[in-house]
Amino acid sequence: MHDNKTNNRRRLHPAAWLLLTLLLGGVILPVARAADPVPTVVLAMKDVDIRKVIETVSRATGKNFIISPDVKGMKVTVISHTPMNADQVYQVFLSILKVHGLAAIPSGDIIKIVPEVAAKQEGVEVATPRHPGVGDDFVTRVIEVRHVDAGQLVPILRPLVPQRGHLAAYPASNVLVISDRAANISRLAEIIRRIDQSTGGELEVIPLEHAAASEIVRILEQLQRKDPKGAASGPRIVADDRTNSILLAGDQASRLRLRAIIAHLDTAVDVGGQTHVIYLKNANAKDLVPVLTGVSESITAPKTPGAAAPAPANRPNINIQADEATNALVINAPPEVFRSLRAVIRQLDVRRAQVLVEAVIADMSVDTTRELGVQWVVDGRGGGNAVGVVNFTLGTPISALANLENPPALNGFNFGIGDLTGTNQFAALLSALSGDASTNILSTPSVLTLDNEEAELVVGQNVPFITGSFSGTGSGGSNPSNPFQTIQREDVGLTLRIKPQINEGNAITLDVEQEVSSISPSTQGADLITNKRSIKTTVLVEDGQMVVLGGLIREELQESEQRVPGLGDIPVLGWLFRYQRTQKVKSNLMVFLHPTILKDPALQAGYTSLKYNYIRAEQMAIREEGVPLMADEASPLLPELKDYLTLPPAYDDVAGTNAVPEEPIRALQLPPEAPGD
């Protein structure tokens with residue numbers, strides 16, 4: 001029975017045992033999906049016993065541990081939300097041991113957990129420059145010193161080694177033996193390398209890499225002791241600002257001590273001085289100045305609510321300017337303020353993605369008009385009879401034809417009959433009009449813009465509209481005096497404004513303002529009539545997907561009728577005393593958008609090549625059909641992309657076979673044209 005339990009335990013996945021153990025120990029550790037190639041866990045511990053932690057890590061990493069009896073009574077808290085594999089879990093485990101004064105000593109297939117004080121007496125791994133160890137590994141390393149006495153380095157380096165570590169010099173071979181964490185030993189090795197320099201005499205020249213020579217000399221001179229008479233004791237220190245070097249003159253022991261101090265001071269630091277110049281790679285320096293100014297004010301503001309602001313004399317001098325010529329920021333601020341500002345700049349100065357928006361705009365409208373009517377006029381004054389007129393305002397009034405010498409312009413079909421020579425004159429006018437106006441506009445604009453930047457595309461005409469006129473008469477009453485007309489120009493055509501915002505993942509928020517306007521062919525107006533369709537909205541769409549903004553559909557039917565009371569109601573004969581007009585207006589606007597995020601130059605180059613080749617193919621089709629009355633060369637033709645531009649080898653083939661794979665290019669595909677279109 002015992003053997004079966006053992007076999008069942010061995011068949012379970014290590015991650016399952018890890019989850020069970022952590023739940024029993026009060027630790028939440030979600031296990032990665034079984035489909036992942038490498039199992040990952042998330043450590044989240046609070047006041048867990050150190051022995052439970054060691055058991056958990058053993059199951060997660062597959063390592064065997066022997067725990068010293070002195071390792072007990074310790075509570076461990078780890079806060080993490082990042083999944084880790086087995087190697088990462090083990091490195092975190094080593095850091096936990098370091099915090100609690102413990103060390104892990106490998107011994108074959110077993111790792112011993114002992115107090116850090118006793119670790120140096122165990123079989124610690126001996127590291128080498130090629131394999132120095134990782135992070136918090138407890139190792140022993142032998143460092144060879146070539147030019148100075150290793151014994152003189154011990155008092156200099158001893159403060160940098162923890163109390164539980166070990167540092168000793170072996171004079172016979174002039175080496176240093178150090179037992180400590182691998183990361184700290186690597187730092188000590190770098191300091192020893194900079195101190196262990198060959199000196200040919202009593203004068204040394206030490207070039208600096210990061211610090212300013214004059215500033216280092218000022219610090220060292222303050223450390224030099226002086227005797228009561230004021231004479232300086234110790235080596236002489238001189239700064240050479242031209243080469244940023246320090247010259248040391250004195251005995252070897254003093255120079256060695258100063259060389260160690262210089263090695264400590266000449267390290268890369270976050271800031272240096274009060275004025276700094278930061279060259280931006282992607283962001284606009286002028287746009288960042290207001291943001292950084294506001295951040296700097298919040299940093300220097302009082303931390304306690306209600307506390308008084310510091311006096312102007314005590315406020316730090318912070319000045320942020322933008323150099324537009326080099327796209328750089330010039331910041332004058334204290335070191336602690338500059339560190340915060342630089343962290344903000346680092347996060348804002350990132351490469352912004354671009355969005356290519358392809359649109360299909362279909363605008364269809366129909367305007368149909370039908371008119372039919374009869375008007376009469378009778379003048380019986382010559383024979384002493386009555387006078388009568390049947391006059392309608394829907395069409396051209398018959399009264400407007402009284403002056404036959406200068407008749408008005410008539411629309412449609414007009415047929416008149418009558419007797420204008422006899423005693424009783426009469427006339428009848430039959431008017432018939434049929435008007436059809438239709439518009440079918442298909443636009444496929446595309447625009448490329450940066451994330452969170454508005455783009456505007458306008459394609460159309462600037463049409464003049466008469467807004468007023470004046471034609472006064474002169475003093476004689478015959479000639480006009482200073483006639484003029486006022487004209488206002490308006491854009492008529494396609495206008496598309498889009499502002500994309502890339503959200504987390506592949507979702508894009510689009511602020512869209514779209515307008516389609518055209519001149520109507522209808523003549524029912526005193527001046528030009530324009531059709532206008534517009535949409536203003538905000539939509540959310542996934543990358544590479546198509547979205548419809550909606551359709552503006554309008555259908556209007558107007559029926560107008562004028563008749564003579566009584567006579568217009570007579571069946572059949574009533575049409576002689578009636579005028580009818582019917583107008584039907586139908587409009588439809590559909591807008592489709594297809595946004596694509598261009599995250600890298602390769603995708604952008606692929607889309608550019610695709611559009612370039614499309615335009616060139618259209619031009620070649622026109623040239624093949626020929627231009628009437630002209631030679632074929634009269635049709636313009638774009639050059640081949642590889643001949644026109646210097647492109648990388650990956651984009652030499654403009655046909656697209658070597659440019660970019662077709663799969664990631666989700667170009668907007670229009671439906672095929674119907675036969676006869």
Side-chain angles (χ1 to χ4, degrees), residues 9-46 48-68 71 74 76-116 119-120 122-141 162 164-165 178-190:
R9 176 176 296 181
R10 289 178 180 176
R11 292 191 187 101
L12 290 178
H13 195 279
W17 279 110
L18 176 60
L19 178 61
L20 178 62
T21 304
L22 292 176
L23 291 176
L24 293 176
V27 183
I28 301 175
L29 189 61
V31 181
R33 296 170 300 177
D36 291 341
V38 178
T40 57
V41 295
V42 177
L43 291 178
M45 307 178 180
K46 184 176 180 181
V48 180
D49 186 75
I50 186 66
R51 291 178 175 265
K52 286 286 186 182
V53 175
I54 297 174
E55 182 180 355
T56 300
V57 173
S58 175
R59 297 190 180 278
T61 61
K63 299 180 182 294
N64 302 317
F65 295 98
I66 296 179
I67 306 175
S68 172
V71 180
M74 300 179 185
V76 176
T77 299
V78 178
I79 301 175
S80 175
H81 300 284
T82 304
M84 296 177 289
N85 55 30
D87 295 336
Q88 294 171 334
V89 170
Y90 185 69
Q91 290 300 322
V92 172
F93 175 64
L94 294 180
S95 300
I96 294 174
L97 297 180
K98 179 182 178 181
V99 171
H100 292 81
L102 304 175
I105 310 300
S107 177
D109 296 334
I110 298 175
I111 300 175
K112 295 180 287 185
I113 308 300
V114 299
E116 198 173 26
K120 57 188 177 183
E122 298 289 339
V124 180
E125 178 185 359
V126 179
T128 62
R130 184 168 296 181
H131 302 284
V134 180
D136 293 326
D137 291 343
F138 200 92
V139 297
T140 298
R141 186 169 172 181
R164 300 183 182 92
I178 308 176
S179 292
D180 197 4
R181 305 288 177 176
N184 192 41
I185 292 180
S186 298
R187 182 172 69 98
L188 294 176
E190 176 62 20

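All values below come from the heavy atoms of this structure, side chains included, with hydrogens, waters and symmetry mates left out.
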Next on the checklist: Rounded to the nearest 0.5 Å, what separates atom CD1 in Ile54 from atom CD1 in Ile67?
Outcome noted: 4.0 Å
Item to check | Heavy-atom closest pair, residues Leu102 and Pro115 | outcome: CD2-CA, 3.9 Å
Checklist entry - How close do Leu97 and Ala104 get, heavy atom to heavy atom, and via which atoms? => result CD1-CB, 3.8 Å
Checklist entry - Can you tell if the side chain of Val57 reaches within under 4.5 Å of the side chain of Ile96, non-hydrogen atoms only? => result no
Checklist entry - Atom CD1 in Ile110, atom CD1 in Ile66: separation rounded to 0.5 Å? => result 4.0 Å
Item to check | For the student: nearest non-hydrogen atoms of Ser179 and Thr140, plus distance | outcome: OG-OG1, 2.8 Å
Checklist outcome for this item: Rounded to the nearest 0.5 angstrom, the CG-CG distance for Asp180 and Leu188 is 7.0 Å
Item to check | Donor-acceptor under 3.5 Å (Gln88 side chain, Asn85 main chain) | outcome: yes
Checklist entry - Okay, side chain of Thr56, backbone of Lys52: is any donor-acceptor separation there less than 3.5 Å? => result yes
Next on the checklist: So, taking the atom named OG in Ser58 and the one named CG in Asn64, what distance separates them when rounded to the nearest 0.5 Å?
Outcome noted: 6.0 Å
Next on the checklist: Given 3.5 Å as the limit, does a donor-acceptor pair link the side chain of Arg141 with the main chain of Ser186, or not?
Outcome noted: no
Next on the checklist: Could you check whether any side-chain heavy atom of Ile111 comes within less than 4.5 Å of a side-chain heavy atom of Phe93, counting everything from C-beta outward?
Outcome noted: no
